[in-house]
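Counting convention: from 1, in listed order, for ligands and their atoms alike. FYI, side chains are in, hydrogens and waters are out, and symmetry mates aren't considered; it's all heavy atoms of this structure.
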Amino acid sequence: MDIYLVGGAVRDALLNIPIKDRDWVVVGATPDQLLAQGFQQVGADFPVFLHPHNKEEHALARTERKSGSGYQGFDCRFSPDITLEEDLLRRDLTINAMAQDEQGQIIDPYHGQQDLQDKMLRHVSPAFAEDPLRVLRVARFAARFAGLGFQVAEETLALMRQMVTDGELNHLVAERVWQETQRALTEDHPQVYFQVLRDCGALKIWFKEIDDLFGIPQPEQYHPEIDCGIHALMSLQACVPLSEDIATRWAALTHDLGKALSDKENLPRHFGHETKGLKPIKALCKKLKAPKEAQQLALLSCEFHTHIHRAFELKPETLLKVFDSTDAWRKAERFEQLLVVSTADSRGRTGFEHCDYPQAGYMRDAFQVALSVTAQ
Ligand code: CTP
């Protein structure tokens, strides 16, 4: 049997970035042969085994073909005569479809090294379309490698668009979508994830409320020349150096949902938690099955952001209401970060300093009072 390192580890080594975990493919072996060598089988469906010593994942080379829609009818075949090239062909992107043999030689039948050099996220074959999760994965890799200058290849974006048009994204389950999304939120350029999803039409399938923000104008004196959708992505980006926390970054992205959508629908100016203004954010979090913490912080930032823009009186007690006794300080710190990012503007400035409207100062003062009361 031959054993090859595959996937992300080969890619990251060639990019000279730290390797997270290592996946291996075993060619020319049967499950019994691996078991006889002390490998432990993981799960029943896929031929995946753990190495007896280092516990790294070893999968038997396999091919997959889909005969049904969504996640039904996956035909997974593995046998000792499946070649490494056949196994690599079923993978998502060329940069993820390279292998390395025991002598350190790179095996690259689908030109992943060329795409690494050209900084292209390109699908390996039309079989890409058999797994709708890959649309989110491409967006996530785009978010991860944006700093290195990577882009999604035009033909891959076209295929992703086609998958959206064919309704393939509707077969995903909320848990998988949130899982990819929260991983994307931890990347260096999380806003690129949402931008790529918008470019291929997937944003309106799973993040309709955020998609609806695009095209809504912002008052020019606060955010010159930008629309609300772009502002949401900019706010998320502004949050990156301030916080690694997923809930905080999620709330930075969603802070304008209540205000913008109520503006659009001409709702009454004053609204709170239980009124229509916060419905979009609740609907979005519910659809994605976002953890309670992420939803609470998003609602909170949304509600207070509304107050900034509406010039309504913001009482310190209102802030206090939401700092529960257990981790008040952690919440307070994250909320302060949110206030800073929600003032992001098209010139890349954040923070209260550039805000010349009186509510901003009032908001900051109320926040300071709330913090001092919480501390006691
Ligand atoms: N893969 C795929 N399609 C998927 C999931 C995974 O083709 N829907 C393949 C890719 O070849 C990928 C490998 O399986 O490189 C391992 O998957 P995973 O560990 O999820 O991705 P990595 O590329 O290792 O990326 P990360 O650094 O995020 O772990």
Where the closest heavy atom to [atom] is concerned, which of [options] has it?
atom	options	answer
atom 13 (C) of ligand 1	Met98, Arg91, Arg176	Arg91
atom 6 (C) of ligand 1	His123, Glu187, Arg137	Arg137
atom 11 (O) of ligand 1	Val138, Asn96, Val124	Asn96
atom 24 (O) of ligand 1	Gly8, Pro132, Ala127	Gly8

I need the atoms of ligand 1 closer than 4.0 Å to a non-hydrogen atom of [X], numbered in the order shown.
X	result
Arg144	26 (P), 27 (O), 28 (O)
Gly7	15 (O)
Phe141	23 (O), 25 (O)
Lys20	27 (O)

For the pair Phe39 and His51, name the ring-plane relationship: parallel under 30°, tilted 30 to 60°, perpendicular over 60°.
-> perpendicular
How are the rings of His255 and His231 set relative to one another: parallel (under 30°), tilted (30 to 60°) or perpendicular (over 60°)?
-> perpendicular
Inter-residue atom distance Ile19.CD1 - Arg11.CZ, 0.5 Å rounding | 10.0 Å
With rounding to the nearest 0.5 Å, note down the distance linking CZ in Phe128 to CE in Met163.
-> 5.5 Å
Between Gln40 and Lys55, do the side chains contain an N or O donor and an N or O acceptor separated by less than 3.5 Å?
-> yes
For Asp81 and Ser79, test the side chains for any donor-to-acceptor distance below 3.5 angstrom and give the result as yes or no.
-> yes
For [atom], closest protein heavy-atom neighbour:
atom	value
atom 29 (O) of ligand 1	Arg183 NH2, 3.7 Å
atom 23 (O) of ligand 1	Arg11 NH1, 2.9 Å
atom 7 (O) of ligand 1	Asp92 N, 2.7 Å
atom 3 (N) of ligand 1	Arg134 NE, 3.1 Å

Any nitrogen or oxygen of [X], side chain or backbone, less than 3.5 Å from one on ligand 1?
X	value
Arg90	no
Asp21	no
Asp131	yes

Flag the pair Gln237 / Pro190 as yes when at least one side-chain heavy-atom distance between them is below 4.5 Å, and no otherwise.
-> yes
Beyond-backbone contact of Val135 with Met160, side-chain heavy atoms, under 4.5 angstrom = yes
Any heavy atom of Asp23 sitting closer than 4.0 Å to ligand 1?
-> yes
Considering all heavy atoms, the nearest Glu85-Ile107 contact = OE2-CG2, 3.9 Å
Please report the shortest heavy-atom distance between Ala153 and Met120, naming the atom on each side.
-> CA-SD, 3.7 Å
